[in-house]
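Each remark here refers to the structure printed beneath this line.
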Amino acid sequence: MKTDLSLQWTPTNIQTLLQNPQRLLQHAQWQTAIQHFGGLSGFYQYLQNLRLSERQLNLLTVITAYPKASVIEYCERLHIHAATFHRHQRDLWQTLSMQLISEVPLNYVQHHQASSSSQPKRSRLPYPLTQLIGRSQEIAFIHNVLQQSVRLITLTGIGGIGKTRLAIQLAHELEAEANQKVYFCSFVDIREPAAALSFLARHLGLNYNPQTDELIELLAEYFSEQPSILILDNLEHILSIASLLSRLLRQTSNLKIITTSRIRLNLYGEHILPIQSLSVADPQTQLAISDIDNFDSLRLFVSRAQAINPFFQINQHNLSLIQAICHKLDGIPLALEFAAGHCNQLTIDQIMLGLNKRFELLTNSTNDAEDRHQTLYTALEWSYQLLESETKYIFNHLGIFQAPWNFELTYALFPQLSHASINQQLHLLLEHQFIKRIVVNGTATYMMLETIRDYAQQQLDNVQNLTTIQQSLINYLHHYLQANPYTDSNKDQWVEQIQFYYPHILQTLGWLDQSVYDNRLAEIVYAIIPYLLKKSYYKDGLDWCKKVIDSNHQHNMIYAKILYYFTVFHGNYWNSLIEDMHILDKYLETSIKITKKYPDEILFLAELYNRSGVIQPSNNKDTALNYWRKSLEIYKKYSMYTDIGRVYNNIGNILRMGDSSEKALYVYQKAINAFRLANDTHKLSIALGNYAASLNAVNRIDEAIEALNEALAHTKTNNDLQGMTLNLMYLFDVFWVTKQVDAATAVLEQAKANLKILRSRYFDHWINRSEQRLAELLEL
C-alpha cells in the first residue's frame, strides 16, 4: 500500500492510520492533527461516533482491536470470505473519508477538540429503513414486563423470523421514554466470546485498558449513572458471555438487558419471549382484498412487493396466490421479503411455482444485506452450524415427516439410540427453534415449519441413506396396524388414532408403491379401509385398492378382500357406473373363488354374494336374486339379522325399481322385521323409507306417512342427517303426489338445510328435480 502523505482525509490515509499509523505519524503535520483528537485512541473513538452502519461499525471495531492482523485472521474473526472482507473494507474507508471531509476539515481541526471528554454520547441506535409490520403484541408484552421487576428478556426464534428488526423498533420506542438511556449493540460479526464484552465497551466509547481495568466493574459503573436498557443482538454463537451478563446485572441496579438469540441464555431471572411467524391466512379460505390488514404476512408481502414494483396491484386472483405463498413460507418475514423481492421480475404465479425449489428462489436482491441474510438457506445454515453433530443427525432424520409426529414415530427412526438420548436431542432442537411442540388430542407431538423441513430434507439427501429411514417408518406403521386392528369395541379410539397417523401412512404407501411389490402395501391398505370408509375417503380407497390389485401376485384373503372393497369404494365414489360393472363383477368372481378356499371366511363369502347381487345390471335380475339367495342361506344359518335385513332390503329395491311394488312391500317387511330383531335403528330407518316409497307407489298414503314418521324419528335420535335427508326425499314425493304444496315446500327447505351441513353433492340431482316439480305444482 502506497501511503498518501498529504494532509487529507483520503481512504488510503484513513486505512494507514488504522492499520499502520506510524507511517503517517512520523510526519509532524499528521502528528499534530491527530493530537487534536487526543491521540490515536481519541481519533479511533471519534470514528466510532460517526454515522456508520452496524456492519461498518463492527468491522471498524475489529480492525482497531487487531490493527496488524492478516486478511485471513480478519476473515476468521468476522466469519466472512476474503472477497467479502475486501468489499466491506473499501466501503468503510470510503464512508469514513466522506464523513470526515464533511465534519472535520483538516484546515480547521485545531478548532475542533475531539477528546472523549468533549464528545457528546450518542445512542448509536440503528435506524430502520422500512416500517415494522406486525409485532404489536410482542412490543406490548415487553413494555409491560419492563415495567415490572424483570431485568433480563431474551427474544428467541429461528433465523429470519425478525428478532433484530423487532429489537431495533423496541430500542427507538424505549429511548423515547423519559429518564432512561437505551444502547444497542450487535455481536453478529464477533466470533470469540472472550472479545464480546471488550467489543461492547469500545462500542459504548469507554476507554478500556485490559492490563489495569476490570471490564465488568467498568461497565457497571458506566450504567450506574442513570436507568439504562442495553439491547444486545445475536448472542446465539457466543452464549458463554451469559454468565458475564448475569454478573453485570448483579452489580448495577439501574440496568436492564434485552437480548436476541436463537436459543435462550439459560440464566436465573431470564424471561423468554419466543418470536413466532407472522399471522397467515388459511389458503383454503377465500379472502376479500379488505381482509389483507387482518394478516401480517399478507401486509408484509404486499408492502415489499409495492416497494420494489410501484405498479404491483392486488386482485382476487393474485390475492389467493399470495395467501398460498405466505402459508407455504410459514409467515417467516425474511422468506416473505425475499419472495416479494421478485415481484419486479416475476408474476405471482411464477413465484408460487418457484417455491417448489424455495432455496434457489429465495435470495436477497439488495446490495447491503448481511452475509447470513443473503439467502434463506444461509439464514438457516447459520443456526444449523450451531448444533452438535448428534443433534444435526436427529434433525436431518426428522425432516422425513410431512406432518406432526409423536414420540413413538421418533423412536422408530432411531432404533440404535436410547429413548433418553432421543428425548434430550428433541429438547435441544426445541431450544434452537428447529421444531415446535404442539398438543394433539391431549398428547404431546412435534412439528416442523415447512421451510425448515425442506432444509432438513436437503441435509438428509446429502448425508443419509433415505431408503433405510423409509424402511424404519414403514416397519413401525405396518407393525402398529397389525397389532392394533379395527374392532367394534375400539372403533372410536381407533379412528382417532389413525386420524393422527394417516398422513404418515399415506407417505409409507407412496414409498411402497414406488418400490418392487411388497406385501406390506396390501396389508397396510387393508388395515386402514375402515378409516377410509368412516371418513368417506372413497377416492383414496379406490386408488389404493387399485394399486394393490394391479401389483399383487399373492391371491390370498387380503387380496380377496381388497377386490371386494374396491367395488364398495367404486359404488360410493362413482355410484356404480354401468360401463364398469363387468370389471366389478370380474373382481367379485375372483374374490369368491379365493374365499371358497378358506372355510373360516364363510360370512365374508355371504357378503360377496350380497355385493355381487347389488352390482348386477337391472336386466340381470335373476342373476342378482340367485346371489342373494346364496347370501341369505348363510346369514340365516348364523342368525345374522342385520345382514339378513340388508339382503332383503336389496331385493326389495330391485323389485321396486322393476315396478313390482306389491312384491317389494312383502320383502321390505322382512327387512324391517330383521332390523327390529337386530335392534339396528340406523338401517331400520332406511328400510322404512324404502317401504314408504313402495306404499306411495300403490297409493297407500297414510301408511307411507306413518312409516316415514317412524323413520325420521330414528334418524333424529341417531343424529343421522344423511338418513334423514333420504327419508325427506320420500316424504316430499308423498306430498307432491297428494299435491300438498306447503308441506312439500317445508320438507324441501329442511332437506336443503341438512345439505348445507353435510356438504354432500349426493342429493344435488334430487334437489334440482324436486324444485322443478314443486314449481310445476305451484303453476297448477
Please find the pair of heavy atoms, one from [X] and one from [Y], that lie closest to each other, and give the distance.
X: Cys326; Y: Val280; result: O-CG1, 3.6 Å
X: Pro283; Y: Ala324; result: CB-CA, 4.2 Å
X: Phe500; Y: Pro404; result: CZ-O, 3.5 Å

Parallel, tilted or perpendicular: which describes the rings of [X] and [Y], with under 30° parallel and over 60° perpendicular?
X: Tyr501; Y: Tyr480; value: tilted
X: Phe414; Y: Tyr393; value: tilted
X: Tyr455; Y: Tyr377; value: tilted
X: Phe407; Y: Tyr446; value: perpendicular
X: Tyr411; Y: His419; value: parallel

Take Asn718 and Ser685 through the side-chain hydrogen bond (donor to acceptor under 3.5 Å, both in side chains) test and state the conclusion after the steps. CA-CA 10 Å; Asn718 296 331; Ser685 67; 5.6 Å; no

Can you name the one residue among Tyr587, Phe569, Phe604, Tyr526 that meets ring pair (Phe, Tyr, Trp, His ring centres under 6.0 Å) with Tyr564?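 Between Tyr564 and the candidates, ring pair (Phe, Tyr, Trp, His ring centres under 6.0 Å) is satisfied uniquely by Phe604.
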
Given side chains that start at C-beta, do those of [X] and [Y] come closer than 4.5 Å, heavy atoms only?
X: Ile452; Y: Gln433; answer: no
X: Tyr486; Y: Lys491; answer: yes
X: Leu429; Y: Leu398; answer: yes
X: Val525; Y: Tyr565; answer: no
X: Asn649; Y: Arg646; answer: no
X: Ile158; Y: Thr451; answer: no
X: Tyr531; Y: Gln499; answer: yes

Of all residues at least two apart in sequence or in a different chain, which pass the side-chain contact (heavy atoms from CB on, under 4.5 Å) check with Ala403?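 Residues passing side-chain contact (heavy atoms from CB on, under 4.5 Å) with Ala403: Pro503, His504.
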
List in chain and number order the residues that pass side-chain contact (heavy atoms from CB on, under 4.5 Å) with Lys752, two or more places apart in sequence or in another chain; answer none if no residue qualifies.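 Counting only residues at least two positions away or on another chain, Lys752 forms a side-chain contact (heavy atoms from CB on, under 4.5 Å) with Leu748, Glu749, Ile767, Glu771.
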
Can you check whether [Y]'s main-chain N or O pairs, donor with acceptor, with [X]'s side chain at less than 3.5 Å?
X: His342; Y: Ile351; answer: no
X: Asn610; Y: Ala606; answer: no
X: Gln316; Y: Leu287; answer: yes

Could you give the distance from NZ (Lys716) to CE (Met724), rounded to the nearest 0.5 Å?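 Rounded to the nearest 0.5 Å, the NZ-CE separation comes out at 7.5 Å.
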
Measure the CG-CG distance between Leu533 and Asn572 for me, rounded to the nearest 0.5 Å.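 So the gap between those two atoms works out to 7.0 Å.
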
Residues Ile529, Ile562; criterion side chain to side chain contact (heavy atoms under 4.5 Å, CB included); working and verdict: CA-CA 9 Å; Ile529 281 175; Ile562 292 286; 4.0 Å; yes

Looking only at the side chains, is there a donor atom on one of Tyr559 and Asn519 sitting less than 3.5 Å from an acceptor on the other?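 No pair is found: no donor N or O on one side chain lies under 3.5 Å from an acceptor on the other.
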
Would you list the pairs meeting ring pair (Phe, Tyr, Trp, His ring centres under 6.0 Å) in which at least one residue belongs to residues 626-652, sequence neighbours left out?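 Of all non-adjacent pairs touching residues 626-652, none passes ring pair (Phe, Tyr, Trp, His ring centres under 6.0 Å).
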
Start with the C-alpha gap between Leu409 and Leu477, add the side-chain angles, then the distance that decides, and say whether side chain to side chain contact (heavy atoms under 4.5 Å, CB included) holds. CA-CA 8 Å; Leu409 286 169; Leu477 289 171; 4.1 Å; yes

So, Asp543 and Lys547, do they make that salt bridge, N to O below 4.0 Å?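 Answer for the salt bridge query: no.
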
Evaluation steps, side chain to side chain contact (heavy atoms under 4.5 Å, CB included), between Leu481 and Ile498: CA-CA 9 Å; Leu481 290 168; Ile498 299 302; 3.6 Å; yes

Evaluate side chain to side chain contact (heavy atoms under 4.5 Å, CB included) for Val647 paired with Asp643, printing each intermediate quantity in order. CA-CA 6 Å; Val647 177; Asp643 297 306; 5.6 Å; no

